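In what follows, a structure is listed as structure tokens, so that the remarks can point back to it.
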Number of protein chains: 2
Amino acid sequence: MVHNQITLFRIERGLSRKDLAAAVGVNPQTIGFLERGTYNPSVELALKLAAVFGVPVDTLFSLNGFPSLATQIAGNANRQKEFEDD
Amino acid sequence: MVHNQITLFRIERGLSRKDLAAAVGVNPQTIGFLERGTYNPSVELALKLAAVFGVPVDTLFSLNGFPSLATQIAGNANRQKEFEDD
DNA sequence: CCATATTATTGTGTTTACGCAACACCCTGA
DNA sequence: TCAGGGTGTTGCGTAAACACAATAATATGG
């Protein structure tokens with residue numbers, strides 16, 4: 001089972017599923033299935049989605065699921081803090 | 001068309017196709033097809049392969065192909081140099 | 001209230017990812 | 001010289017990724 005964060009990134013950019021579908025060249029329903037976790041896209045589609053959002057594939061897709069947004073944001077803040085503390 | 005660097009990483013680790021196939025849970029022929037570029041794997045398989053090699057998916061798969069090894073290695077050396085020059 | 005956009009769902013169809021089996025070709029090592 | 005491992009290829013089967021169309025539900029803005 002593959003987890004993804006497509007909905008989060010899409011909403012943040014203010015894109016509809018139709019918009020995102022057009023941006024990567026698939027049908028809007030395909031984005032719908034994807035966001036609901038109903039399936040496991042091709043790596044080509046994953047690469048295109050990652051390119052649209054300007055992030056690595058691993059930021060969008062994961063085998064083990066993603067921590068909560070709070071954890072992710074706070075985690076990055078901590079890493080940034082550690083970096084500043086250097 | 002999706003390009004990949006699976007053969008390079010596999011050879012470097014001294015793995016046969018059978019070994020790699022066993023590590024990610026697919027048939028050896030699937031690895032063969034993949035390396036020959038005959039197809040476009042699922043993002044799940046891509047994530048598993050990336051996990052085996054300990055690299056991001058984007059290091060293994062690309063929409064636009066990869067530069068030559070020399071370019072990649074030299075490029076990283078340059079970036080490292082820039083980093084040291086900071 | 002009505003019009004429009006977004007989304008969920010369902011159904012049908014094609015293509016392709018992947019499993020499995022078989023065979024042929026090269027190497028290398030006993 | 002022969003056996004065995006790695007590889008390329010082909011063919012058949014199944015499941016799933018996607019396309020496309022239609023409908024309904026919700027929400028939002030006029």
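Keep in mind that the numbers below use all heavy atoms, side chains included, and drop hydrogens, waters and symmetry copies. Here the structure is a predicted model, which means the values were calculated and not measured. Quick note on labels: first sequence line is chain A, next is B, and so on, each numbered from 1.
Here the P atom of nucleotide D:dG6 and the CG atom of B:Leu15 are 11 Å apart, to the nearest Å. Note: CD1 (B:Ile11) to P (D:dG5) measures 18 Å, nearest angstrom. Here the C1' atom of nucleotide D:dA17 and the CD atom of B:Glu44 are 13 Å apart, to the nearest Å. Atom NZ of B:Lys18 is separated from atom C1' of D:dG4 by 10 Å (rounded to the nearest Å). Across the protein-nucleic acid pair, B:Arg36 atom CZ and D:dG6 atom P stand 16 Å apart, rounded to whole Å. Rounded to a whole Å, the NZ atom of A:Lys48 is 16 Å from the P atom of D:dA17.
A donor-acceptor pair is defined here as one N or O able to donate and one able to accept, closer than 3.5 Å; such a pair exists between the side chain of B:Gln72 and the backbone of B:Pro67.
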Tabulated below should be each protein N or O lying under 3.5 Å from an N or O of nucleotides 12-18 of chain C; please produce it.
unit_1: C:dA17; atom_1: O5'; unit_2: B:Asn40; atom_2: O; d: 3.3
unit_1: C:dC18; atom_1: OP1; unit_2: B:Ser42; atom_2: N; d: 3.4
unit_1: C:dC18; atom_1: OP1; unit_2: B:Ser42; atom_2: OG; d: 3.0

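For the ring pair (Phe, Tyr, Trp, His ring centres under 6.0 Å) condition, the pairs that include at least one residue of residues 40-63 of chain A, sequence neighbours left out, are A:Phe9-A:Phe53.
No side-chain heavy atom of B:His3 sits less than 4.5 Å from a side-chain heavy atom of B:Asn64. At least one side-chain heavy atom of A:Leu34 sits less than 4.5 Å from a side-chain heavy atom of A:Leu45. Taking 4.5 Å as the limit, every side-chain heavy atom of B:Phe66 sits out of range of all side-chain heavy atoms of B:Leu8.
When all heavy atoms of B:Val2 and A:Glu44 are compared, the closest pair comes out as CG2-CB, 3.4 Å.
When each of A:Asn4, A:Leu47, A:Asn40 is paired with B:Val43, the side chain to side chain contact (heavy atoms under 4.5 Å, CB included) condition holds for A:Asn40 and for no other.
No donor-acceptor contact under 3.5 angstrom links the side chains of A:Gln5 and A:Glu35, judged on distance only. Side-chain contact of A:Ser16 with A:Asp19: a donor-acceptor pair under 3.5 Å is present, judged by distance alone.
Between A:Arg10 and C:dT6, a side-chain N or O to OP1/OP2 separation shorter than 4.0 Å is absent.
Contacts between residues 49-59 of chain A and DNA chain D, defined by a heavy-atom separation under 4.0 Å, are absent.
Mapped onto DNA chain C by nearest heavy atom, B:Gln29 and A:Asp19 fall at different nucleotides, with A:Asp19 at the one closer to the 5' end.
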